[in-house]
2 protein chains.
Amino acid sequence: MEHQRPKIVDVARLAGVSTATVSRVLSNPQVVSAETRRLVEEAIRQTGYRLNLAARNLRHRRTGGVVALVPNLSNPFFSQILAGIASVLAPAGYNLLVADTRAEGGESLLAYAEPSRADGLIVLDGSLPAEGLSRRVPVVLACEWIPGLAAPRVKIDNRQGAVMAVEHLIELGHTRIAHVAGPPGNVLSEARLAGTEQALAAHGLPAPRVFPGDFTLESGRRAGAEWLAVPRAERPTAVFLASDAMACGFIGEVQHHGITVPRDVSVMGFDDIELVAHMTPPLSTIRQPREAIGRHAAQRLLDRIAGDDRADDTVLPVELVRRGSTGIVAETPV
Amino acid sequence: MEHQRPKIVDVARLAGVSTATVSRVLSNPQVVSAETRRLVEEAIRQTGYRLNLAARNLRHRRTGGVVALVPNLSNPFFSQILAGIASVLAPAGYNLLVADTRAEGGESLLAYAEPSRADGLIVLDGSLPAEGLSRRVPVVLACEWIPGLAAPRVKIDNRQGAVMAVEHLIELGHTRIAHVAGPPGNVLSEARLAGTEQALAAHGLPAPRVFPGDFTLESGRRAGAEWLAVPRAERPTAVFLASDAMACGFIGEVQHHGITVPRDVSVMGFDDIELVAHMTPPLSTIRQPREAIGRHAAQRLLDRIAGDDRADDTVLPVELVRRGSTGIVAETPV
DNA sequence: ACGCTGAATGCAACCGATTACAAAAAGAAC
DNA sequence: GTTCTTTTTGTAATCGGTTGCATTCAGCGT
């Protein structure tokens with residue numbers, strides 16, 4: 001008879017009711033009498049009817065979905081944030097979709113900021129253009145943020161985290177402390193660098209030697225190579241890197257050249273990704289509450305969707321995690 | 001005047017043409033005369049008109065999107081596959097959305113397999129129920145697969161990879177070789193275990209001691225603890241783990257207890273995730289062509305969407321990567 | 001001047017649900 | 001039995017583009 005996908009009128013016909021009633025059974029069952037409801041449900045089962053979302057979305061002018069824009073899915077750092085987001089969104093009836101801003105062309109990203117595609121947007125990438133994003137769907141910024149954009153931000157105190165990291169090194173007796181920065185222009189890079197400088201200055205120590213980096217493993221490795229190239233007597237005895245991934249690259253490189261951590265150099269990371277607890281030595285780092293960041297971001301977005309237009313910031317606490325990669329400064333320089 | 005989002009009729013009115021013409025300018029510009037087109041484009045600019053995707057999708061009966069279902073976004077293994085997928089999908093005019101099958105409830109996943117939500121599905125998780133998936137949208141399975149489901153599969157030869165790993169260890173002189181398996185029931189776990197057994201048998205060696213695991217870092221750490229608990233004289237001198245993540249956990253644990261890799265134990269992983277090249281020692285492993293897996297999966301999906309109904313398998317080659325974590329068996333057992 | 005062809009455009013039905021409003025049915029009260 | 005509520009159901013407009021078919025008009029041949 002009908003090879004096509006059944007529509008709501010097919011169900012209605014079979015159940016002997018109008019399409020309106022079928023629709024009510026679907027989205028507002030309690031207004032339909034028990035008997036009619038049973039009839040309709042049976043008809044739905046028999047026809048194998050499935051709702052067409054495009055049609056519902058068109059009528060409702062909403063999509064029931066939220067899109068998260070992530071700079072780089074390969075960074076395990078983001079996945080736990082996404083889990084936190086999903087844990088809040090799912091009970092609220094929204095589903096989460098993730099798009100990688102690196103993988104997709106820059107232009108096409110704005111396509112996600114359409115009310116006809118998503119009801120809201122959680123942006124985890126600070127390098128997106130502000131102008132395209134405003135005036136479209138509700139947006140919340142998490143972790144990174146976009147300077148020009150008035151939207152709620154959920155973040156950590158990056159500067160304070162850096163201060164804690166550097167003070168930990170200072171407590172261990174280090175005075176020549178280097179920093180490996182994140183990508184230039186990135187808001188996180190800048191805050192962490194500023195915190196580093198602030199902590200050193202507060203303790204009367206000279207400004208740090210800064211090696212360039214971009215948060216990636218490979219850039220950490222290069223920083224390691226640069227550190228090795230510094231004459232031994234001048235080498236920083238401690239290095240604070242702006243991401244755990246870079247710290248991994250750094251440690252791998254210097255260990256490969258016979259350096260022992262933390263005897264020859266103490267290393268601090270930032271993020272506390274799962275892996276670094278299992279390295280040899282385990283990495284000392286600054287823990288970000290990733291799950292909580294995700295949960296708060298999702299909650300703020302739900303608020304915004306519900307009409308709350310405040311654009312205030314949520315700042316979550318970080319935590320110093322002392323592990324084996326940092327130690328007291330060597331008594332006798334070899 | 002109008003506070004509402006402009007629709008196509010607003011543009012049409014301003015340009016002095018019909019909605020049909022505006023629509024044509026949008027989706028089929030060459031059929032409209034140059035002059036009219038200019039007029040319409042100007043009107044679009046002035047009104048700030050943006051297409052409503054729900055409406056277009058409803059009419060077209062397609063969405064222009066593909067959903068990838070990933071078991072666990074925190075595993076960096078998947079992100080490169082996703083990059084490969086996006087690199088094929090984007091030029092074809094499809095956009096990619098990612099959903100984490102762990103983060104979302106099981107039931108809600110089937111909601112993604114709706115033609116009104118996505119034009120196709122790439123499933124990277126073998127643990128999903130087959131029945132819900134068939135008969136909905138075109139599906140391609142990548143990496144893992146679902147035994148009952150007739151859909152094209154893009155995968156590697158897991159058994160052959162395991163054989164290569166074990167033969168590498170045998171060449172180095174090892175005879176007591178252990179395996180740390182993936183989660184029971186997983187198709188990859190089983191193929192890799194089978195390959196391990198096959199290679200050992202082919203060389204007249206006894207069946208491997210098998211430690212349980214589930215691909216995660218933590219389960220690798222536990223396997224390390226179990227290995228340490230084996231009396232020294234009986235300890236396997238080489239361990240092949242079914243994932244790199246587990247190998248990291250394993251090495252971290254045994255190094256923590258004074259074991260030196262590869263002197264005391266050789267360790268092989270599987271996957272070649274970026275990080276393992278930077279560990280100390282760098283991990284020997286089996287490389288999966290992740291980017292290529294993603295590209296092939298996306299291409300097969302496009303084929304399917306275009307009506308190609310074959311359900312054949314694509315098998316991509318793996319590669320043995322020799323690094324520092326494997327070495328010749330120690331001459332004199334300490 | 002007249003018919004013919006093809007390009008450009010408009011009309012209006014359509015995609016598949018939702019929902020305001022109206023009508024009908026069922027109870028309640030007297 | 002009649003009137004007034006309250007509940008249940010149906011009618012038809014609507015969400016916002018798309019497209020088959022019809023129409024208009026310019027250009028061309030005879």
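Letters go in sequence order (proteins before strands), and every chain restarts at 1. Values below: all heavy atoms of this structure, side chains included; hydrogens, waters and symmetry mates excluded. Fair warning: this is a prediction, and the values are worked out from it, not measured in the lab.
- Between B:Tyr49 and D:dG17 there is a side-chain polar atom (N or O) within less than 4.0 angstrom of OP1 or OP2.
- In this structure, B:Glu291 pairs ionically with B:Arg295, as a charged nitrogen and a carboxylate oxygen lie closer than 4.0 Å.
- Among the heavy atoms of the strands lying under 4.0 Å from B:Thr21 are primed sugar atoms or P, OP1, OP2 only; no base atom is included.
- Summarising the geometry, the separation between CZ on B:Arg38 and C1' on C:dT9 is reported as 17 Å, rounded to the nearest angstrom.
- Rounded to an integer number of Å, the gap from B:Leu26 CG to D:dG17 P is 8 Å.
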**Asked** For A:Arg300 and A:Asp308, what are the C-alpha separation, side-chain angles and deciding distance, and is it a salt bridge (Lys or Arg N to Asp or Glu O under 4.0 Å)?
**Response** CA-CA 9 Å; A:Arg300 290 298 285 120; A:Asp308 174 353; 3.7 Å; yes

Side chain to side chain donor-acceptor pair (under 3.5 Å) for A:Asp10 and A:Thr47? Distances and angles first, verdict last.
CA-CA 8 Å; A:Asp10 300 315; A:Thr47 53; over 6 Å; no

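- Per the geometry, CZ belonging to B:Arg13 stands 16 Å off C1' belonging to C:dG10, to the nearest Å.
- Taking 4.0 Å as the cut-off between side-chain N and carboxylate O, A:Arg45 and A:Glu42 count as a salt-bridged pair.
- Across all strands, A:Arg37 comes closer than 4.0 Å to no nucleic acid atom at all (heavy-atom distances).
- Between the side chains of A:Asn186 and A:Glu190, not a single donor N or O lies within less than 3.5 Å of an accepting N or O.
- Counting non-hydrogen atoms under 4.0 angstrom, B:Val17 reaches the backbone sugars and phosphates but no base.
- Between A:Gly64 and A:Asn95, the shortest heavy-atom contact is O-OD1, 2.6 Å.
- Across all strands, A:Val9 comes closer than 4.0 Å to no nucleic acid atom at all (heavy-atom distances).
- Distance B:Asn28 CG to C:dA8 P: 12 Å, rounded to the nearest Å.
- In this structure, A:Glu41 does not pair ionically with A:Arg38, as no charged nitrogen and carboxylate oxygen lie closer than 4.0 Å.
- As a whole-Å value, the separation of A:Asp10 CG from C:dC15 P is 11 Å.
- In this structure, B:Arg24 places its CZ atom 21 Å from P of D:dG16, rounding to the nearest Å.
- Considering only heavy atoms from C-beta on, B:Leu124 stays 4.5 Å or farther from B:Leu69 through its side chain.
- Residue contacts shown for B:Val32 are limited to sugar-phosphate atoms, with no base heavy atom under 4.0 Å away.
- At whole-Å resolution of the value, CD1 in A:Ile8 and P in D:dG10 are 13 Å apart.
- Within residues 51-61 of chain B, the residues having any heavy atom closer than 4.0 Å to DNA chain D are, in order of number, B:Leu51, B:Asn52, B:Ala55, B:Arg56, B:Arg59, B:His60.
- For the helix from C:dA1-D:dT30 to C:dC30-D:dG1, the angle separating the two terminal helix axes comes to 50°, with each axis derived from five pairs and the value rounded to 10°.
- Between the side chains of B:Thr63 and B:Asn57, no donor-acceptor pair of N or O atoms lies under 3.5 Å.
- Among D:dT19, C:dA8, D:dG17, the nucleotide with an atom closest to any side-chain atom of B:Ala20 is D:dT19.
- In this structure, the CZ atom of B:Arg5 is 13 Å from the C1' atom of D:dG17, given to the nearest Å.
- In summary, B:Arg5 and A:Glu114 engage in a salt bridge, as defined by a charged side-chain N under 4.0 Å from a carboxylate O.
- Backbone-only contact: A:Ser33 has heavy atoms under 4.0 Å from sugar-phosphate atoms and none from a base.
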